[in-house]
Amino acid sequence: MGTSPEITMILFVAVGCFMAYPEAVTAKHTGITRHYTFNIKPKNIIRLCHTKSIVTVNGKFPGPRVIIREGDRLVVKVVNHVPNNISIHWHGVRQLRSGWADGPSYITQCPIQIGHSYVYNFTVTGQRGTLFWHAHISWLRATVYGPLIILPRRNESYPFVKPYKEVPILFGEWFNADPEAVINQSLQTGGGPNVSDAYTFNGLPGPLYNCSAKDTYKLKVKPGKTYLLRLINAALNDELFFSIADHSLTVVEADAVYVKPFETNVLMITPGQTTNVLLRAKSTAPNVTFLMLARPYATGMGTFDNTTVAGILEYETPSSSLKNRPLLKPGLPAINATNFVANFTSKFRSLATAKFPATVPQKVDKKFFFTVGLGTKPCPKNQTCQGPTNTTKFAASMNNISFALPRTALLQSHFFSQYSKGVYTTDFPAFPLIPFNYTGTPPNNTLVKNGTKLVVIPFNTSVEVVLQDTSILGAESHPLHLHGYNFYVVGQGFGNFDPENDPPNFNLVDPVERNTIGVPSGGWVAIRFQADNPGVWLMHCHFDVHQSWGLGMAWVVLDGELPNQKLPPPPSDLPKC
C-alpha cells in the first residue's frame, strides 16, 4: 500500500479494531506515531439548493476522522492551498509541554499562509475519548472541523458496556453566505452578524430545510444492539438541544473524561463540548422511523438561527419499506429553558475512582473573579454604526477588557522574552476594577477597554476562577473554553456569586472535569485547575461572534525548575507572521 497526500479513510469497525493510515508508524513503548496530511483546499458544495465554494481539509466536509490511542504521538502536516491564513486547534488536547502545537492563531503560532505548511507534532497523554479539531482563525471553523477520537490503550476497556458500534455525530452550522464575509461585515458595521441558514448532522441539514430531504443524516441500528454515539458540537454560535424520538440515552463521558453514567431523553451541548452517550436499540425492530432533532438553546437578546436539524434513526429489518412507516418526533425543551440546562449540567460528575480519580485542587493558591459578557466600543468618527446605538459597536469582554489579538504570536513573544516590545502586557485584572451588581440593573457606561493583557502564574499554581455572567446588553449563557488544561467545575449558581456563602457548597469530591463549560445565563460557575503545563493558554468564549468581539484572555504559565517542567524551543517550521 503506497502513501497518498490525501488521508486514507479509516474503517472503524469496532472498539480496538481500526486501520490507521499506513505511512510511517513508529512503535514506542507508550504508543505509536500516527501520520496524517491535511491539505487545506477549496471545494464546491451544494446545500439548501445553494452552491458555494468552502474551505475544507482534503476536500471533505466535515473533515476526516483522526483516530489514535491514548499514549500515541500524532504528526499532522497541514499544507495551505487557499488564500485564507489557517491554523488548526486540537480542541481539548492537553498539549503537555507541546504548546507550539495547540493551534490558535496569534496565541501559540502565526497562521499558515498560502503555499506554506506546518507540522503539528504532539503526544496525547492521559486522555481518552471524544475530542475534535477545527480551524482557529476568524470563522473558518464553520467548515474546517472533524472528529478526534482517542481510543483507550490496547487491552484497556471502557468503564461501561462494550458498544456494538461507535458513531461520531458532529453538530455544525451552515451559512449560505461566506462566513468570513459575515463576520467582517459585523466588525465593520458594529452590528450583530447575520445568522446561519441551517444546522447540520455530519454536514447534512435534513428534511426540515428547503430542498434538503436528500441531504439527511441516517443512523441505521440493529435491534438489541448498543451504540456509542460520539456527539460533538462544532456549531459556530449556538448551544444545541438534542434528542432521539422514543429512545433514552445514557451519558458516559464529557469532553473526553468519563462521568458517572446517567440517563436522559434530552441533551444540551455547547459549542466546544463533546458528549458520549450509549444508545440501546429496542430488542425488536418497530415498524416506525424515529427522528433525531437538534435546535438551539438561546438566552441572549440578539437574533439567532431558530431552525431545527433532523436526522433519521432507522432499524435494519429484513423487509425494508420505509415509505409506509409512521414518523416519531422527539420533544425538545423551550428555546430559553435555562432551568432545564442548569439541572442537566448539574448531573455531570466525575467517576472519582482509583483508576479514574478526580484530582481537584483542595487548596487554592490564587483566586480570580472574571466577569463575562457583552459591552460596547465607540463608533469611528464620521461613521454610523449598527450596534446598540448608532454611535457604538457591539463588543465583548472579561473583566471589561476586550481581548485584542496581537500581530505576532504570544507564545513566541513570551518564550523569547519580547513582551517589553509591546506585544502584550501582564496586567490583566484578577478582579473587576469597578464592581457592580453584575446580574442586576446594568451600569450606564457599557464601554469596554481594549488590550492584549495576560495573567502570569508560576508553574504548578492551583487556580480557582469564578466566571460571572453580566446583564450588560442582556444576560446570556457563554461557553468558556480553556486551552491546554482540563478544569474541575466545583460550583455554579444563578445571580451574583457570593464569596462567603457559595464556596462552602463547592463539590470537591467528584466534580465534573471538562475543557468547556457554559457560564449560566444570569449566573456564575466556579472552576479549579492545577497550572502544571507551561506555555501561553487562551481562555475564550466558544461563540465565535463573542470571540471576534473580544471575549477572551490568556494565561502565561511559567516554566518549572525541572527539565520536564519546561517548554521546549519552537519547531523550525513554526509559521512566521
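Hydrogens, waters and symmetry mates play no part in the numbers below; they use all other heavy atoms, side chains included.
- Separation of the Tyr485 and Phe487 ring centroids does not fall under the 6.0 Å cut-off.
- Asp532 and Arg94 are joined by a salt bridge, as a carboxylate oxygen and a charged side-chain nitrogen come within less than 4.0 angstrom of each other.
- Remark: aromatic rings of Tyr488 and Phe529 are distant, center separation not under 6.0 Å.
- Checking each of Ile232, Thr274, Asn202 against Pro147 for a side chain to side chain contact (heavy atoms under 4.5 Å, CB included) leaves exactly one that passes, namely Ile232.
- Ring-centre distance between His134 and Phe132: below the 6.0 Å cut-off.
- Side-chain atoms of Arg349 come within 3.5 Å of backbone atoms of Ser346 as a donor-acceptor pair (strictly under, hydrogens ignored).
- One finds the CZ atom of Arg69 at 5.0 Å from the CG atom of Leu151 (value rounded to the nearest 0.5 Å).
- Judged purely by atom type and a 3.5 angstrom limit, Asp573 uses its side chain to pair as donor or acceptor with the backbone of Val119.
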### Task
Would you check, one step at a time, whether the test side-chain contact (heavy atoms from CB on, under 4.5 Å) holds for Leu374 with Trp549?
CA-CA 9 Å; Leu374 303 185; Trp549 288 347; 4.2 Å; yes

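- Once rounded to the nearest 0.5 Å, the distance linking CZ of Arg65 with CG of Leu148 reads 12.5 Å.
- With hydrogens and angles ignored, the 3.5 Å screen pairs no side-chain donor or acceptor of Asn85 with any backbone N or O of Pro111.
- Side chain of Asn58 to backbone of Ile40: no donor-acceptor contact under 3.5 angstrom is found.
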### Test side-chain contact (heavy atoms from CB on, under 4.5 Å) applied to Thr408 and Ser413, step by step
CA-CA 8 Å; Thr408 189; Ser413 302; 3.5 Å; yes

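- For Phe368 and Trp555, the gap between ring centers is short of 6.0 Å.
- Checked by atom type, the side-chain pair Gln492/Thr345 shows no donor-acceptor distance below 3.5 Å.
- Checking Glu513 against Ser350 by side-chain atom types alone, no donor-acceptor pair falls below 3.5 Å.
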### Query
Going through the distances and angles, do Val266 and Leu332 end up as a side-chain contact (heavy atoms from CB on, under 4.5 Å)?
CA-CA 7 Å; Val266 179; Leu332 289 172; 4.2 Å; yes

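- Side-chain N/O atoms of Trp174 and Asn176 include a donor and acceptor closer than 3.5 Å.
- Aromatic ring pairs are classed by plane angle as parallel below 30°, tilted from 30° to 60° and perpendicular above 60°; the pair Trp133 and Phe38 is tilted.
- Taking every heavy atom of both residues into account, Thr452 and Ala404 meet most closely at OG1-O, 2.5 Å.
- Expressed to the nearest 0.5 Å, how far CG of Leu411 lies from CD1 of Ile107 amounts to 9.5 Å.
- No donor-acceptor distance shorter than 3.5 angstrom exists from the side chain of Glu166 to the backbone of Arg230, with no hydrogens or angles considered.
- Between the CG atom in Leu231 and the OG1 atom in Thr130 there is a gap of 8.5 Å [rounded to 0.5 Å].
- A donor-acceptor contact shorter than 3.5 Å links the side chain of Thr143 to the backbone of Val55.
- Annotation: side chain of Leu538 is not in contact with side chain of Asp102 (no heavy-atom distance under 4.5 Å).
- Two rings, from Tyr36 and Tyr120, have their centers 6.0 Å or more apart.
- Atom CG in Leu480 sits 6.5 Å away from atom CG in Leu551 (nearest 0.5 Å).
- A donor-acceptor pair shorter than 3.5 Å cannot be found between the side chains of Arg295 and Thr308.
- Here the options are His481, Gln547, His546, His478, the test is side chain to side chain donor-acceptor pair (under 3.5 Å), and the partner is His540; only Gln547 passes.
- Taking the six-membered ring where the residue is Trp, Phe122 and Trp90 present tilted rings, their angle falling between 30° and 60°.
- A distance of 13.0 Å separates CH2 in Trp524 from CG in Asp469, rounded to the nearest 0.5 Å.
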#### Entry: Audit row: Ile183, Ser138, side-chain contact (heavy atoms from CB on, under 4.5 Å) steps and yes/no
CA-CA 8 Å; Ile183 183 55; Ser138 189; 3.8 Å; yes

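- Side chain of Ser402 to backbone of Ala396: a donor-acceptor contact under 3.5 angstrom is found.
- With Ser87 contributing its side chain and His136 its backbone, the two residues share a donor-acceptor pair below 3.5 Å.
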